[in-house]
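Below is one structure; the comments refer to it alone.
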Number of protein chains: 2
Amino acid sequence: MKISEVAARSGLSIDTLRFYERIGLIDPPPRDAAGRRDYPEEVLTWIGFLDKLNATGMKQADRIRYAALRRQGEASYAERRRMLELHRDVVIARQAELEETRALMDRKVEMYRQLEAEAAMEVADV
Amino acid sequence: MKISEVAARSGLSIDTLRFYERIGLIDPPPRDAAGRRDYPEEVLTWIGFLDKLNATGMKQADRIRYAALRRQGEASYAERRRMLELHRDVVIARQAELEETRALMDRKVEMYRQLEAEAAMEVADV
DNA sequence: GTAGCGGCTGGAGTGCACTCCAGCTCAAGC
DNA sequence: GCTTGAGCTGGAGTGCACTCCAGCCGCTAC
């Protein structure tokens, strides 16, 4: 797969793909005869997972660390599991936070609705 | 309340409090005889809400816009409600995303657990 | 009365995560 | 055979959200 196709299918830009390779988030893919990157299909799954870690607030340094562990294969299963367990706790905490904020926004929306209704009545009073 | 106290109680740094004032997130508080900021208690509630918006991914520009509307008082009830409704949708979408990622991490953790057990058995086989 | 601390200002600096650029090579289509 | 376009590299630039700094003032405690 050419880099432009990976970009189109993953949602990352071509520049970001090359950047991710530089910092060790994506394995350097084999090159074709002309020296161009030729990605395996699986890279899309990996990018999808990276995106999820990203979207849930995992820092670049930690994603790089996870990618490095992944490169070590079997020897890092336990370590990778520990990282995911820790991150899962972070995600759970964020879920609680979001839920709380959602509830607060619901209350505020309701409050504004009331205040709008009252303001409308005051106008009618005049 | 002095700026140091607001910082201690809000969790924001003194520099961030002054920065927020500069960009219009926090109203300029009255000054004491010596020209030092003297914040009202309510600023803590407001900062708490700003924090929630921040933690749920609202951009600075939008928080500034909300703060500006707030300064207009009654005239902006409807607009503020609309902003919150829109942001609530964002929060709900993020909740779904987090839930999905949490489930994926659960599956991966379980997978690594299995792989670790298998690796241990292989060692025992030898 | 002076040392030290907390606060003040405007502006410069930082860290993160990209994003863009100049100048190059290569392959394909007209 | 030459233009066009995709891809390449190393390095510079960007935008966001702070964070730090120099140099100043004024209160409090010794």
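Side-chain atoms are counted along with the backbone in the values below, which use heavy atoms only and exclude waters and symmetry mates. Protein chains get the first letters and strands the later ones, always in sequence-line order, with residue 1 at the start of each.
Here A/Arg9 pairs with A/Met1, A/Glu5, A/Glu41, A/Leu44 under the side chain to side chain contact (heavy atoms under 4.5 Å, CB included) rule; sequence neighbours left out. Residues that satisfy the side chain to side chain contact (heavy atoms under 4.5 Å, CB included) test with B/Glu21, not counting sequence neighbours, are B/Pro28, B/Pro29, B/Arg31, B/Arg37, B/Tyr39. Residues forming a side-chain hydrogen bond (donor to acceptor under 3.5 Å, both in side chains) with A/Glu110 (at least two apart in sequence, or on another chain): none. With sequence neighbours left out, A/Ala7 forms a side chain to side chain contact (heavy atoms under 4.5 Å, CB included) with A/Ile14, A/Leu17. For B/Asp15, the side chain to side chain contact (heavy atoms under 4.5 Å, CB included) test picks out B/Ser13, B/Arg18, with sequence neighbours left out.
Among residues at least two apart or in separate chains, ring-ring contact (aromatic ring centres under 6.0 Å, His included) pairs with a member in residues 88-124 of chain A are A/Tyr112-B/Tyr77. Sorted by first and then second residue, the pairs that involve residues 49-71 of chain A and meet ring-ring contact (aromatic ring centres under 6.0 Å, His included), not counting sequence neighbours, are A/Phe49-A/Tyr66. The ring-ring contact (aromatic ring centres under 6.0 Å, His included) pairs that include a residue from residues 88-111 of chain A number zero, where partners must be two or more places apart or lie in different chains.
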Please set out all donor-acceptor pairs under 3.5 angstrom arising from side-chain atoms of residues 50-60 of chain A, sequence neighbours excluded.
{"unit_1": "A/Lys52", "atom_1": "NZ", "unit_2": "B/Glu100", "atom_2": "OE2", "d": "2.8"}
{"unit_1": "A/Thr56", "atom_1": "OG1", "unit_2": "A/Lys52", "atom_2": "O", "d": "2.8"}
{"unit_1": "A/Thr56", "atom_1": "OG1", "unit_2": "A/Leu53", "atom_2": "O", "d": "3.0"}
{"unit_1": "A/Thr56", "atom_1": "OG1", "unit_2": "A/His87", "atom_2": "NE2", "d": "2.9"}
{"unit_1": "A/Gln60", "atom_1": "OE1", "unit_2": "A/Arg63", "atom_2": "NE", "d": "3.2"}
{"unit_1": "A/Gln60", "atom_1": "OE1", "unit_2": "A/Arg63", "atom_2": "NH2", "d": "2.5"}

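Take the nearest nucleotide of DNA chain D for B/Tyr20 and for B/Ala34: the residue whose nucleotide is more 5' is B/Tyr20. Comparing A/Leu25 and B/Arg22 along DNA chain C, the residue whose closest nucleotide (by nearest heavy atom) sits nearer the 5' end is B/Arg22.
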Protein N or O to nucleotides 1-7 of chain D N or O, pairs below 3.5 Å:
{"unit_1": "D/dG7", "atom_1": "OP1", "unit_2": "A/Ser4", "atom_2": "N", "d": "3.4"}
{"unit_1": "D/dG7", "atom_1": "OP1", "unit_2": "A/Ser4", "atom_2": "OG", "d": "2.6"}

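Non-hydrogen atoms lying under 4.0 Å from DNA chain C are contributed by nothing in residues 59-71 of chain B.
Nearest approach of A/Ala78 to B/Glu116, heavy atoms of both residues: CA-OE2, 3.3 Å.
Nucleotides of DNA chain C with any atom under 4.0 Å from a heavy atom of chain A span, from 5' to 3', C/dA17 to C/dA27.
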